Number of protein chains: 2
Amino acid sequence: MKNMLLAPPQTCGDCPIRHRAICSKCEQDELAVLETLKSYKDYERGETIVWAEEPLTHLGTLVSGVASLNRTLEDGRCQIVGLMLPSDFIGRPKRNSVAHDVVAATDLTLCRFEKPVFEKLLSNSPALLSRLLTMTSDDLDAARDWMLLLGRKTAREKVAGFLSMLVRRNIQHDGMPSGRGIELSLPLTRSDLANYIGLTIETTSRQFTQLKQDGIIELTSQRDIHIPNLANLFREASEPDIALNG
Amino acid sequence: MKNMLLAPPQTCGDCPIRHRAICSKCEQDELAVLETLKSYKDYERGETIVWAEEPLTHLGTLVSGVASLNRTLEDGRCQIVGLMLPSDFIGRPKRNSVAHDVVAATDLTLCRFEKPVFEKLLSNSPALLSRLLTMTSDDLDAARDWMLLLGRKTAREKVAGFLSMLVRRNIQHDGMPSGRGIELSLPLTRSDLANYIGLTIETTSRQFTQLKQDGIIELTSQRDIHIPNLANLFREASEPDIALNG
DNA sequence: CGCACATTTGATCCTGGTCAAAAGGCGTGG
DNA sequence: CCACGCCTTTTGACCAGGATCAAATGTGCG
């Protein structure tokens with residue numbers, strides 16, 4: 001067998017992302033209902049979870065792994081318009097399709113509900129509805145941040161900006177690192193990465209070697225990065241380093 | 001006086017955007033409550049309605065005119081990350097600031113609520129909450145569409161794509177045009193437009209003259225455009241012309 | 001009419017794209 | 001354990017689309 005996925009949690013109480021997913025505002029009684037209606041499904045790296053413009057049958061939360069939202073033009077040009085990490089919500093209620101493919105960037109596990117079932121839950125649970133609004137608003141803010149990166153930043157800033165984004169999302173959930181440095185593991189291939197930041201693989205690669213030579217990052221392996229100084233990275237990304245204060 | 005704005009409607013019943021704004025799903029009783037709490041405010045072209053990272057005191061709906069959401073870097077580079085047209089909702093509940101300036105691109109009128117007041121309304125009205133979720137999801141879809149344009153499209157496609165987007169939004173509200181052609185009035189200066197599609201004013205202008213020479217568009221005045229054939233425009237934008245069917 | 005500002009046009013430069021080849025990783029099988 | 005082949009990533013040489021700098025033209029308003 002190609003790959004063993006971690007066994008998904010059996011109960012919501014054990015769920016590692018329980019406190020930041022769509023269900024995080026639900027009380028015990030609501031949670032009990034969700035528990036009976038959810039089901040887990042695993043996908044392998046490269047599998048398409050949802051096809052653009054095709055009927056959307058399930059909605060759900062990413063429990064582990066990484067997925068990308070891919071928008072592709074007829075001639076093959078591709079832009080990744082969203083990166084889904086554990087606890088992110090995938091799909092859109094009250095719509096029978098979405099405009100992008102959802103693709104497993106790594107092996108991953110989904111906690112799913114059938115779409116009509118979830119829609120009914122939503123209409124009966126203000127906690128769920130309000131949490132989904134907050135998460136959607138956060139996604140919108142992130143998308144707009146990314147528009148600035150795509151529209152106005154240089155290749156070097158784009159790569160540094162991507163790494164900064166990953167660091168921020170790590171910090172958000174794991175807390176501040178003890179020292180000033182930090183370890184990072186890339187969840188994307190160079191090709192995905194390029195499609196996410198609006199460059200070619202070649203320029204992306206070149207910028208990586210540049211940042212390495214300039215001491216901003218250190219590659220411990222193909223996928224693992226050590227960042228000796230976060231402030232330096234944020235500066236290269238032309239981002240305010242608010243994540244370091246507060 | 002520099003400019004007379006249209007008098008805003010006195011009652012929600014007269015409101016021109018009543019059926020597609022945040023309040024469109026409210027019943028008469030809820031509407032009556034909103035009526036007592038709303039207030040109108042006019043802004044002149046160029047005025048900043050909300051400053052990025054500054055306390056957000058009001059939320060509301062754009063009644064008339066156009067506003068842009070501007071994200072600006074320290075060195076002056078600017079990207080417009082959203083274009084607000086009448087009926088769009090401005091601001092974010094449960095957050096005390098936003099990451100972008102909101103700027104009046106034309107003279108405009110807002111239908112506003114004080115933020116804490118609106119938040120209370122939201123928590124008591126599923127109709128309001130659910131409508132806001134739908135609108136936010138639509139904004140997210142639009143932002144992701146735009147990421148594709150910013151990250152992967154050529155200058156010519158970007159300009160054509162901008163015009164296509166305007167046409168679609170017009171059609172959405174006014175219905176299909178009778179003939180195959182359509183009139184369009186640009187709500188943005190060249191500079192705003194360039195900042196929206198991630199180009200300089202110079203390239204934007206060059207692409208306009210190109211599209212003009214190629215017969216895709218005809219400029220009747222600086223701001224007014226005639227599009228003889230929509231399908232041609234959509235093709236230049238590398239967009240599927242779904243808006244023409246259905 | 002004349003001034004201020006927006007837009008267009010022109011000439012040149014440079015960042016990132018393209019095409020091509022080399023180097024590095026990794027799994028399979030001898 | 002190593003050799004082979006496949007695929008990903010890096011590096012190189014060259015090209016081109018859009019940026020930059022500068023000037024001309026157009027437009028609205030006092």
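Fair warning: this is a prediction, and the values are worked out from it, not measured in the lab. Labels below follow one simple rule: chain letters A, B, ... track the order of the sequence lines, proteins then strands, and each chain is numbered from 1.
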- prompt: Hey, is the side chain of B:Gln222 poking within less than 4.0 Å of OP1 or OP2 on D:dG28, counting only N and O atoms?
  reply: no

dist A:Glu218:CD -> A:Leu184:CG (nearest 0.5 Å) comes out at 13.0 Å

Among D:dT9, D:dG18, C:dG17, the one nearest any side-chain atom of B:Thr203 is D:dG18

N/O-N/O pairs, protein side and nucleotides 21-25 of chain D side, under 3.5 Å:
| unit_1 | atom_1 | unit_2 | atom_2 | d |
| --- | --- | --- | --- | --- |
| D:dC21 | N4 | B:Glu202 | OE2 | 3.1 |

Reckon B:Leu199 touches a base, only the sugar-phosphate, or nothing at all at heavy-atom distances under 4.0 Å? sugar-phosphate

Separation between CZ (B:Arg235) and CD1 (B:Ile216), nearest 0.5 Å, reads 7.0 Å

- Mutual orientation of the aromatic rings belonging to A:Tyr196 and A:Trp146 [parallel < 30°, tilted 30-60°, perpendicular > 60°]: parallel

note: B:Gln210, atom CD; D:dG18, atom C1'; distance rounded to Å ~ 13 Å

Rounded to whole Å, CG of A:Leu193 lies from C1' of C:dG16 at a distance of 16 Å

Could you tell me if the side chain of B:Glu239 sits less than 4.5 Å from the side chain of B:Arg168, heavy atoms only?
yes

From CG of B:Asp75 across to P of D:dT20 the rounded distance in Å is 10 Å

A:Thr189 has its side chain closest, among D:dT9, C:dT7, C:dG16, to D:dT9

When rounded to whole Å, the NZ to P distance for the pair B:Lys153 and C:dG17 reads 17 Å

To the nearest angstrom, the CZ-P distance between A:Arg77 and D:dG17 comes to 13 Å

Any B:Thr203 side-chain heavy atom under 4.5 Å of B:Thr200 side chain: yes

A:Leu219 atom CG is separated from C:dA23 atom P, nearest whole Å, by 19 Å

Within the 4.5 Å heavy-atom criterion, are B:Leu188 and B:Asn195 side-chain neighbours or not?
no

note: B:Lys212, atom NZ; C:dT8, atom P; distance rounded to Å ~ 6 Å

When A:Thr209 and A:Arg152 are each assigned the nearest nucleotide of DNA chain D, the 5'-most assignment goes to A:Thr209

Quick note, B:Thr200 side chain, CB onward, closest among D:dA19, C:dT18, C:dG16 is D:dA19

Think A:Arg156 forms a cation-pi with A:Phe208, using NZ or CZ under 6.0 Å from the six-ring centre and within 45 degrees of its axis? no

To the nearest angstrom, the CG-P distance between A:Asp192 and D:dC7 comes to 17 Å

